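Since this is a predicted model, take the numbers as computed values, not measurements. Both backbone and side-chain heavy atoms feed into the values below; hydrogens, waters and symmetry mates do not.
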Amino acid sequence: MKAAKIAYKPIGMAAGALSGVLAGAVFKQLWKQLGHEEDAPDATDEHRTWREILSAAVLQGAIFAGVKAAVDRGGATATRRLTGTWPG
């Protein structure tokens, strides 16, 4: 089992980077559709309301967590199919 964990490390790191890029793209597209704006508000933007700032942060966090979980689970499943051992 230890060998599977070691073998999975580079795959997990690559999957993590991929999930970050994918989640960023999903969030940006969804924010455009919901907010009709190009960019989400920054926390320090004084012209934005608390509601806008917190809504953007919560939505972004949920998307990042969901995409990361899906990519991690897919990577672990693929590793088990290839090696016969679960990497976690």
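- Residue pairs meeting the salt bridge (charged side-chain N to carboxylate O under 4.0 Å, His left out) criterion with at least one member in residues 69-88, sequence neighbours excluded, are Lys68-Asp72.
- The two atoms that bring Ile53 and Pro41 nearest to each other are CD1-CB, 3.6 Å, heavy atoms only.
- Residues in residues 11-25 take part in no side chain to side chain donor-acceptor pair (under 3.5 Å) pair, two or more places apart or across chains.
- Within the 4.5 Å cutoff, side-chain heavy atoms of Lys28 are placed close to those of Asp39.
- As a member of the Ile/Leu/Val/Met/Phe/Trp/Tyr network built from side-chain separations under 4.5 Å, Leu22 groups with Val26, Phe27, Leu30, Trp31, Leu34, Leu59, Ile63, Val67, Val71.
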